[in-house]
K.L.:
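Quick one: this structure, given as C-alpha cells, is what I'll be asking you about.
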Protein chains: 2
Amino acid sequence: MMPNTYQDTAEELIRKEGGRATGIRVKILALLLAQEQAVTHREIEARLIGQQPDRVTLYRVLQWLADKGLIHKITSDDRVWRFHVNHDAYLHQHAHFKCTRCAKVVCLDDLPTKRHLTLPAGYRFQSMELTVKGLCAQCV
Amino acid sequence: MMPNTYQDTAEELIRKEGGRATGIRVKILALLLAQEQAVTHREIEARLIGQQPDRVTLYRVLQWLADKGLIHKITSDDRVWRFHVNHDAYLHQHAHFKCTRCAKVVCLDDLPTKRHLTLPAGYRFQSMELTVKGLCAQCV
DNA sequence: CAATTCGCGCAACTTTGTTGCATTAGTAAA
DNA sequence: TTTACTAATGCAACAAAGTTGCGCGAATTG
C-alpha cells in the first residue's frame with residue numbers, strides 16, 4: 001500500500017530543506033505523498049496506524065512542511081485545513097474541488113485567468129483561491 | 001451614522017420572511033445593512049453598543065438571516081465567518097476580495113465564467129467560491 | 001562518542017461555534 | 001386591553017480545531 005519509496009522520497013525531501021529526518025516527519029510526509037486527495041489533520045491522525053502521534057506535533061509538522069513548500073494548506077467551508085503534497089503540477093496556483101456529499105477535496109490543474117476579474121480602483125491583486133463545489137464521480 | 005431607515009428596512013425585511021421583529025434581530029440586520037464590507041461575528045458584537053447580546057443569540061440570528069436569504073455567509077482562510085447583506089447586486093453568485101494586510105473582506109460584482117474550468121471525468125459542477133487576495137486601497 | 005540543539009510530547013489554554021432547556025417577550029386573537 | 005400561544009432569547013455546558021510554553025530526548029555534527 002505504501003512502498004518504501006515514499007519513505008525514502010520523504011526523507012530526501014525533508015533533508016533537502018535542512019530539517020531533521022524525524023520518524024514522525026518522514027511518516028507524515030510519506031503518507032501525504034501516497035494520497036491522491038487532500039486530507040485533514042484528523043484523517044492523517046487516523047491513518048498513522050501503529051504510531052499514535054501527539055496532536056500538537058502533527059500540527060507542527062504539517063505547518064513546517066507547508067512553510068518549506070513541500071505541501072500546501074487548503075481552506076474549506078467546514079473550517080478544517082486539508083493538506084496536499086506539492087507535486088510538480090501543483091507548484092503553481094490551482095483550483096480545488098470539494099464534493100458536497102462526501103466532502104472529498106482534490107486539486108484541479110488550473111485556475112481561470114485573472115483578467116476576467118475587475119477589482120475596485122486602487123486595489124492590488126496578489127492571488128486567488130478558487131473552490132469548485134459539486135459531486136465527485138463516486139457521488140454523482 | 002445609522003438612520004432609522006435601516007431599522008425600518010430591517011424590520012420590514014424580517015416580517016416579510018415571516019419572522020418576529022425582535023429588538024436584537026432588527027438591530028443586527030440594521031447594522032448589517034449599514035456596512036459596506038463583510039463583518040465577523042466579533043465585529044458585530046463590538047458594534048452593537050449599548051446592547052450586549054448573548055453570543056449564542058447572535059449566532060442564531062445570523063444563521064436565521066442567512067437561511068432566509070437576507071444575508072450571506074462568507075468563508076475565509078482564518079476560519080471565521082463573515083456576513084454581508086444580500087443587496088440586489090449580490091443575489092447571484094459573486095466573488096469576494098480579502099485584504100491580506102487588514103483582513104477586510106468586500107464583495108466583488110462578478111464571477112468568472114465557469115467554462116474556463118475542466119473537472120475530472122464524471123464530476124458534476126454545482127457552484128464555485130472565489131476569493132481574491134491582495135491589498136485594498138487603504139493598504140496599498 | 002560527546003556536545004549541541006532541533007523537534008517531540010505533555011499540559012493547559014484559546015477561539016469559534018453548537019446543543020439543550022427554561023424563561024421571556026412578540027404576535028394575534030378574544 | 002388583556003390573554004394565550006409559541007417563537008426567540010439567554011444561560012450553562014459542551015465540542016472541535018488549533019495554539020502556546022516548556023522540559024526532555026534524540027538526530028545530527030564534529
Side-chain angles (χ1 to χ4, degrees), chain A residues 7-8 10-31 38-48 50-68 70-83 98 103 105, chain B residues 7-8 10-31 38-46 48 50-68 70-83 103 105:
Chain A
Q7 299 261 348
D8 295 345
E11 194 170 334
E12 186 187 344
L13 287 168
I14 290 167
R15 287 191 199 281
K16 202 181 291 176
E17 292 299 330
R20 289 188 183 171
T22 304
I24 290 209
R25 259 192 198 164
V26 173
K27 282 207 179 86
I28 292 175
L29 182 51
L31 191 149
V39 286
T40 64
H41 176 106
R42 276 229 189 271
E43 289 167 339
I44 298 174
E45 218 172 356
R47 287 177 205 180
L48 278 179
Q51 190 103 8
Q52 203 59 1
D54 182 60
R55 283 176 356 100
V56 178
T57 300
L58 181 44
Y59 276 117
R60 284 198 268 233
V61 167
L62 290 170
Q63 189 58 56
W64 185 87
L65 291 171
D67 287 346
K68 296 301 181 183
L70 295 176
I71 65 176
H72 62 277
K73 272 173 136 175
I74 302 170
T75 310
S76 179
D77 53 0
D78 54 12
R79 313 186 341 113
V80 177
W81 294 113
R82 282 177 178 75
F83 300 88
K98 181 172 181 194
V105 173
Chain B
Q7 299 260 347
D8 295 344
E11 194 170 333
E12 187 186 343
L13 288 168
I14 290 167
R15 288 191 198 281
K16 203 182 291 178
E17 292 299 329
R20 290 187 182 173
T22 304
I24 290 208
R25 258 191 199 164
V26 174
K27 281 207 179 85
I28 293 175
L29 181 51
L31 191 150
V39 286
T40 65
H41 176 106
R42 276 225 188 275
E43 289 166 339
I44 298 173
E45 217 172 357
L48 278 179
Q51 191 101 8
Q52 203 59 359
D54 181 60
R55 283 174 358 100
V56 178
T57 300
L58 181 43
Y59 276 115
R60 284 199 268 233
V61 167
L62 291 171
Q63 188 58 55
W64 185 87
L65 292 170
D67 286 345
K68 296 301 180 182
L70 295 176
I71 65 177
H72 63 277
K73 273 174 134 174
I74 302 170
T75 309
S76 179
D77 53 3
D78 53 12
R79 312 188 341 113
V80 175
W81 295 113
R82 283 176 176 74
F83 300 88
V105 172

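Order of the sequence lines sets the chain letters (A, B, ...), proteins ahead of strands, with each chain counted from 1.
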K.L.:
A:L29 versus A:I71: any side-chain heavy-atom pair under 4.5 Å?
P.N.:
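In contact.
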K.L.:
So do the side chains of A:Y59 and A:H41 get within less than 4.5 Å of each other, counting heavy atoms only?
P.N.:
yes
K.L.:
D:dT19, D:dT28, C:dT16: which one has an atom nearest the side-chain heavy atoms of A:Y59?
P.N.:
D:dT19
K.L.:
Heavy-atom distance under 4.5 Å between the side chains of A:T22 and A:V26, does that happen here?
P.N.:
no
K.L.:
Please work out if B:G23 contacts a base, only the sugar-phosphate, or nothing of the nucleic acid, heavy-atom cut-off 4.0 Å.
P.N.:
nothing
K.L.:
Starting from C1' on C:dT16, measure out to CD on B:E43 and report it in whole angstrom.
P.N.:
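So the CD-C1' distance, B:E43 to C:dT16, works out to 14 Å.
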K.L.:
Specify the separation, in whole Å, of atom CG of B:D78 and atom P of D:dT19.
P.N.:
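It is 12 Å, rounded to the nearest whole Å.
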K.L.:
I'd like to check B:L58 versus B:E45 (side-chain heavy atoms, cut-off strictly below 4.5 Å). Are they in contact?
P.N.:
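Yes, side chains in contact.
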K.L.:
A:I24 has a side chain; which of C:dG17, C:dC8, D:dT9 sits nearest to it?
P.N.:
C:dC8
K.L.:
Less than 4.0 angstrom between a side-chain N/O of A:R25 and OP1 or OP2 of C:dC6, yes or no?
P.N.:
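Negative; the distance criterion is not met.
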K.L.:
In whole Å, what is the span from the CZ atom of B:R20 to the C1' atom of D:dC5?
P.N.:
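Rounded to the whole Å, the gap is 8 Å.
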K.L.:
Quick one: the side chain of A:R42 and the base of D:dG18, do they pair up donor-acceptor inside 3.5 Å?
P.N.:
no
K.L.:
Rounding to a whole Å, what distance do you find between A:D77:CG and C:dG17:P?
P.N.:
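Computing the A:D77:CG to C:dG17:P distance gives 13 Å.
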K.L.:
Whole-Å distance between D:dA8 P and B:D67 CG?
P.N.:
12 Å
K.L.:
In this structure, how many angstroms lie between the C1' atom of C:dC6 and the CZ atom of A:R15, rounded?
P.N.:
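Rounding to the nearest Å, CZ of A:R15 and C1' of C:dC6 are 13 Å apart.
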K.L.:
Find the distance B:L48:CG to D:dT9:C1' and express it as a whole number of Å.
P.N.:
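In whole Å, D:dT9 C1' lies 14 Å from B:L48 CG.
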K.L.:
Assign each of A:T57 and B:Q63 to its nearest nucleotide of DNA chain C by heavy atoms, then name whichever residue's nucleotide is nearer the 5' end.
P.N.:
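Of the two residues, A:T57 wins.
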K.L.:
Which sits closer to the 5' end of DNA chain D, B:V56 or B:G18, going by the nucleotide each is nearest to?
P.N.:
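Comparing both residues, the 5'-ward one is B:G18.
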K.L.:
Give a yes/no answer on whether the side chain of A:W81 brings an N or O atom under 4.0 Å of OP1 or OP2 in D:dG18.
P.N.:
yes
K.L.:
Should A:K73 and B:D77 be marked as a salt bridge (Lys or Arg N to Asp or Glu O under 4.0 Å) after you check the CA-CA gap, both sets of side-chain angles, and the distance that decides it?
P.N.:
CA-CA 10 Å; A:K73 272 173 136 175; B:D77 53 3; over 6 Å; no
K.L.:
Just how far, in rounded Å, is P of D:dA13 from CZ of B:R55?
P.N.:
14 Å
K.L.:
Using OP1 and OP2 only, check whether a side-chain N or O of B:T22 sits under 4.0 Å from C:dG26.
P.N.:
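For B:T22, the contact criterion (side-chain N or O under 4.0 Å from OP1 or OP2 of C:dG26) is not met.
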K.L.:
With a 4.0 Å cutoff (strictly under), does any side-chain N or O of B:R79 reach OP1 or OP2 of D:dA16?
P.N.:
no
